[in-house]
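This report refers to the structure that appears directly beneath it.
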Amino acid sequence: MEATKIGNMKELVQEKWQKRPLIIAGPCSAETEEQVIETAVRLRKTGRVDIMRAGIWKPRTRPGSFEGIGTKGLPWLQQAKKLTGLPITVEVATAKQVEDALHFDIDVLWIGARTTVNPFSVQEVADALRGSDVPVLIKNPINPDLELWIGALERVAKAGIKQIGLIHRGFSSYGNTEYRNAPMWHLAIEMKRRHPELMIINDPSHICGRRDILLDVAQKAIDLDFDGLIIESHIDPDNAWSDPKQQITPERLGELLNSIRWRKEDIASEEFHAVMEKMRQQINQLDDELLHLLGQRMKIADQIGQYKKENNITILQTNRWNAILERAFRKGEQIGLTKEFITKYFDAVHMESISHQNKIMNS
Ligand code: PEP
Ligand code: MN
């Protein structure tokens, strides 16, 4: 395979940063030189991987487990890059790690979930990044707190880093669930809404913690319009020194990526847009009609309020309200609306109706 010059690497990384879907893959941890090189070669062979990941310093929940090979693994990654042309990303959590990673030409850095939770650590990393133009990916904090995630990206941005991306790796939750880290998709979606300018990729490996549901989570991320995936891949997953249960071989990774239903690239096609536009107009039309009808409904509520006032009757008449709900549940069932939705909808309409009647009563 062709050797790649470091000079071209920056351009390649720029190109990859724009590519959709962006696929990052590699072992949870770099273990030996042979493992790193063989992984890189086999990942490259899949033809699907854009950037290789490898943990050099591993933040482990409990002491005594493998804490990463450390700085001596960085030249192995350099070598892997030279052999395969794959840019490299590693996790950094301290100023020294940033320095070492940059010294060994690591192309993209990522901030791990256990670092994002700690503003002191994030600030230390951000200060060490000042003056560099390396792209940085920021994982969500382990606890479901968007402000911490946003705080981390603000600190990194303030240090002058222009290329920042997000990694959604799920959130830790107490008790056994089917996931190692609960995806809490709504939080990632809210982050996308607040920062539409940032790329966001999904990390099914750390969400699942196991192999059998990786595809489901990856597919869901793609369906939700994530910009890419970061997936752990090991040449001998069962014997990996960290996260053995969730890693897959490069070949299995290739198959997994092939079985994902990617969103169509020709989404720009005129026909697609025309059909969508027509359906959206229908939705707008129906929404207008619903609003108009709700307005009319409130006008009648006003009249009822007036009539009750003249006859000195209370606003809330429980029997009447139960009858309305029962009727709606029955009708809703026939047309495929859930009881939950009907309840929420009627609660909102009812509250609005009461506040209209209240105004009338007190006028
Ligand atoms: C990792 O990517 O190997 C890792 C430690 O992930 P996280 O920070 O999401 O736990
Ligand atoms: Mn891992």
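Start at 1 and go down the list; that is how both ligands and their atoms are numbered.
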For the Mn ion (ligand 2), angle spanned by H206 NE2 and C28 SG (nearest 10°) is 170°
Verify whether one side chain among Q123 and R155 offers a donor that lies under 3.5 Å from an acceptor in the other.
-> yes
Relative to the Mn ion (ligand 2), which of the N, O or S atoms in E232 is the closest?
-> OE2
Of all pairs that satisfy ring pair (Phe, Tyr, Trp, His ring centres under 6.0 Å), the ones with a partner from residues 206-230, not counting sequence neighbours | H168-F226, W185-F226
Would N202 and R169 count as having a side-chain donor-acceptor pair, cut-off 3.5 Å?
-> no
Restricting to N, O or S atoms of D243, which is nearest to the Mn ion (ligand 2)?
-> OD2
Would you say the side chains of N319 and N322 form a donor-acceptor pair under 3.5 Å?
-> no
Got a sec, which pairs hit salt bridge (Lys or Arg N to Asp or Glu O under 4.0 Å) with one end in residues 321-340, sequence neighbours left out?
-> E340-K344
Could you pull out all residues at least two apart from W241 that satisfy ring-ring contact (aromatic ring centres under 6.0 Å, His included)?
-> F66
Can you tell me which residues line ligand 1 if we count any heavy atom under 4.0 angstrom from one of its atoms, in chain and number order?
-> C28, R53, K58, E91, W110, G112, A113, R114, K139, R169, H206, E232
Can Q285 and Q281 be counted as having a side-chain donor-acceptor contact under 3.5 angstrom?
-> no
